[in-house]
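Here's the structure we're looking at; comments come further down.
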Amino acid sequence: MTDPSQTPSFAFPRTARLTCKGDFDFVFAKASRVADRYFTVLSRHQPQVDDARVGLVVSKKAAKRAVDRNRLKRLVRESFRQHRSSIGVRDFVVLPRPAAKQASNNELANSLANLWRRAMTTRTC
RNA sequence: GAAGUCGGCCAGACAGUCGCCGCGCGAUCGGAAACGGUUGCGGGGAGGAAAGUCCGGGCUCCGCAAGGGAUGAGUGCCAGGUAACACCUGGGGGGCGUGAGCCUACGGAAAGUGCAACAGAGAGCAGACCGCCACAUGCUGGCAACAGCAUGCGGUAAGGGUGAAAGGGUGCGGUAAGAGCGCACCGCGCAGAUGGCAACAUACUGCGGCUAGGUAAACCCCACUCGGAGCAAGACCAAAUAGGGGAGCGUACGGCGGGCCCUUACGCCGCUCCCGGGUAGGUUGCUUGAGGCCUGCGGUGACGCAUGCCCUAGAGGAAUGACUGUCCACGACAGAACCCGGCUUAUCGGCCGACUUCGCCU
């Protein structure tokens with residue numbers, strides 16, 4: 001229907017995810033950090049890939065029940081999927097905080113939209 | 001109609017948009033192929049508990065001759081079902097409920113050891129505190145028989161009192177008062193008979209005057225069962241780096257070694273190739289199974305047998321989602337991680353069937 005070069009892609013292939021331990025270690029080693037009361041977002045510029053990638057770390061401390069952990073992961077992935085094309089080429093690691101499990105989907109989506117924007121403008125030293 | 005009991009079922013619905021993970025078919029690119037990448041279409045994608053990890057198995061590796069014993073752990077009325085069980089079904093005993101029904105670790109206390117706070121006179125070969133009764137002595141009253149009181153010595157487990165529990169119960173006889181002391185009935189124990197596969201039952205027969213209290217989720221005894229660890233099990237492929245083994249080449253130069261020195265020879269250090277172990281990583285195990293559904297047959301039932309049909313998640317930092325709209329009874333507990341059979345716990349509501357009690361109508 002519309003020109004694919006103009007519509008941003010909302011796809012979320014496996015290549016856009018941090019899959020192995022090394023990827024996570026790379027971000028943790030030297031990350032810039034933004035946070036609010038629901039999430040902490042670590043990010044680092046990754047020169048070896050072309051696209052933004054994301055990884056999730058949801059501890060049992062943040063959400064005790066498996067159902068809550070799944071919900072948080074899904075919401076983060078969904079938000080990342082929608083913002084992926086506009087937040088630069090970086091690796092992100094998102095850590096939900098304990099307050100997140102009580103918040104509504106809408107609140108969390110707004111929170112993440114802000115965090116992506118802030119993470120993009122910070123510079124990695 | 002109201003209250004209740006038991007069993008079974010459902011787990012918001014529909015539409016659109018954007019995504020994620022397998023599968024099938026096709027297109028295309030790479031490749032000899034196997035297969036892999038990209039892409040289109042079709043179809044599938046959490047639970048009744050997926051949970052707790054409390055039991056029972058399958059599967060895998062380790063150990064192990066068969067078998068027996070010890071230790072430890074578990075199970076505990078009987079019969080059946082099952083791959084197996086601590087589960088299920090049926091039956092028996094006991095308890096609760098007007099009832100439908102529900103609950104029940106329910107073997108052994110006449111093998112042994114232990115325990116029982118407080119209270120109480122006494123708590124296990126019982127026990128006289130009050131009481132009751134006889135006798136003796138004294139005092140008082142009385143003509144006397146005798147009565148009352150006190151003390152002493154006995155008898156007595158019927159009554160009071162204590163306790164969770166006081167050593168069968170009721171009645172009659174009996175007695176100084178009492179007592180299974182005697183009798184009847186009930187209870188209890190033992191033996192037999194009868195019924196039942198059995199647990200067990202009996203309004204049956206005989207014996208025993210009652211001895212043999214409770215506690216075994218106290219030790220214990222008896223019977224039966226049990227090897228250990230778990231999918232991060234295990235199997236396969238396999239970089240980089242370091243190291244191991246073998247073969248060949250070079251021994252040109254140099255160094256090291258057998259320790260008094262020298263020479264020759266030999267070995268090592270070098271290079272090339274091969275081999276096995278193994279880390280990261282990848283593949284597999286991974287979903288077709290004690291499988292589900294329908295019908296029929298056997299069985300009181302759990303369940304079994306037969307025919308037919310169906311294939312119904314398989315991720316891997318971990319998919320099964322998000323948003324919008326409409327509707328309603330306004331949506332609980334909660335998320336697969338090798339797989340099954342159970343148990344237990346959590347849970348908004350709703351539907352269906354069978355049954356019970358009460359009320360009303362005919």
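Only heavy atoms go into these numbers, but all of them, side chains included; no hydrogens, no water, no symmetry mates. Here is the naming used below: chain letters follow the sequence lines, and residue numbers restart at 1 for every chain. None of the values given here were measured: they were computed from a predicted structure.
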Is A:Arg84 close enough and on-axis enough to A:Phe12, meaning under 6.0 Å and within 45°, for cation-pi? no
Mate of B:C327 where both pairing distances stay under 3.5 Å, Watson-Crick or G-U: B:G12
Give the rounded distance in Å between these two atoms: NZ of A:Lys60 and P of B:G317. 17 Å
Rounded to the nearest Å, what distance is computed from the CG atom of residue A:Leu112 to the C1' atom of nucleotide B:C323? 15 Å
Out of curiosity, A:Thr40 OG1 to A:Arg97 CZ, how far, rounded to the nearest 0.5 Å? 4.5 Å
Inter-nucleotide C1' distance (B:G101, B:A109), Å rounded: 35 Å
Pairwise P distance for B:C275 and B:G258, with rounding to whole Å: 37 Å
Write down the atom of A:Ser79, the atom of A:Trp116, and the distance for their closest heavy-atom approach. OG-NE1, 2.9 Å
Start at the 5' end of RNA chain B and walk down; is the nucleotide closest to A:Arg77 or to A:Asp68 reached first? A:Arg77
Taking the P atom of each, how far is B:A346 from B:A203, in whole Å? 46 Å
Report the base-pairing partner of B:A2 (Watson-Crick or G-U wobble, both distances below 3.5 angstrom), or none. B:U357
When the distance from NZ of A:Lys101 to C1' of B:G335 is rounded to whole Å, what number comes out? 17 Å
Applying the Watson-Crick and G-U wobble criteria at under 3.5 Å, what pairs with B:A105? Answer none if nothing qualifies. none
How far does the C1' atom of B:G22 sit from the matching atom of B:G316, given to the nearest Å? 13 Å
Short side-chain N/O contact from A:Arg17 to OP1 or OP2 of B:G316, under 4.0 Å: no
Please determine, for B:C129, whether a Watson-Crick or G-U wobble partner exists with both distances under 3.5 Å, and give it or none. B:G160
For B:U320, does OP1 or OP2 lie under 4.0 Å from any side-chain N or O of A:Arg74? yes
So, is A:Asn105 near the phosphate of B:C323, with a side-chain N or O under 4.0 Å from OP1 or OP2? yes
Once you apply the 3.5 Å cut-off to both distances, tell me the Watson-Crick or G-U wobble partner of B:G173, or none. B:C181
Looking only at B:G19, B:G335, B:A318, the nucleotide nearest the A:Phe12 side chain is B:G19
Using a cut-off of strictly less than 4.0 Å, decide whether A:Arg81 has a side-chain nitrogen or oxygen near OP1 or OP2 of B:U17. no
For B:G148, which nucleotide in any strand shown is its Watson-Crick or wobble partner with both distances under 3.5 Å? B:C139
Paired to B:U17 by Watson-Crick or G-U wobble criteria (both distances under 3.5 Å) is B:A322
Per the O4'-C1'-N9-C4 / O4'-C1'-N1-C2 angle with a 90° window around 0, B:G22 comes out syn
Any A:Arg84 side-chain nitrogen or oxygen under 4.0 Å from OP1 or OP2 of B:G19: no
For A:Phe80 and B:C18, what is the distance between atoms CZ and C1' respectively, to the nearest whole Å? 16 Å
Taking B:A126 as the reference, what is the distance to B:G213 when you measure between their P atoms (whole Å, please)? 12 Å
Whole-Å distance separating the CG atom of A:Leu108 from the P atom of B:G321: 17 Å
Working to the nearest 0.5 Å, report the span between CG of A:Leu95 and CZ of A:Arg33. 8.0 Å
Against the side chain of A:Asn70, the closest entry in B:G317, B:A319, B:G335 is B:G335
Between A:Asn105 and A:Leu108, is there a donor-acceptor pair closer than 3.5 Å when you use the side chain of the first and the backbone of the second? no
Is B:A46 syn or is it anti, if syn means the base angle is within 90 degrees of 0? syn
So which nucleotide from B:A322, B:A46, B:G19 ends up closest to the side chain of A:Leu75? B:A322
Identify whether any heavy atom of A:Val58 sits under 4.0 Å from a base atom; if not, whether one sits that close to sugar-phosphate; answer base, sugar-phosphate or nothing. nothing
Residue pair A:Lys73/A:Glu78 against RNA chain B: nearer the 5' end by closest nucleotide is A:Lys73
Say you pick atom C1' in B:G74 and the same atom in B:A105; how far apart are they, in whole Å? 13 Å
Rounded to the nearest 0.5 Å, what separates atom OH in A:Tyr38 from atom CG in A:Leu112? 11.0 Å
Sort out the partner of B:G230 for me: Watson-Crick or G-U wobble, both distances under 3.5 Å, none otherwise. B:C59
Heavy atoms only, 4.0 Å cut-off, all strands: where does A:Arg69 land among base, sugar-phosphate and nothing? nothing
Between A:Arg69 and A:Lys64 (side chain of the first, backbone of the second, donor and acceptor by atom type, cut-off under 3.5 Å), is there such a pair? yes
A:Arg117 CZ to A:Asn114 CG distance, which is reported to the nearest 0.5 Å: 4.5 Å
Considering only the P atoms, how many Å lie between B:A86 and B:U344, rounded to the nearest integer? 15 Å
Suppose you measure atom C1' in B:C297 against the same atom in B:C330; what distance do you get, rounded to whole Å? 50 Å
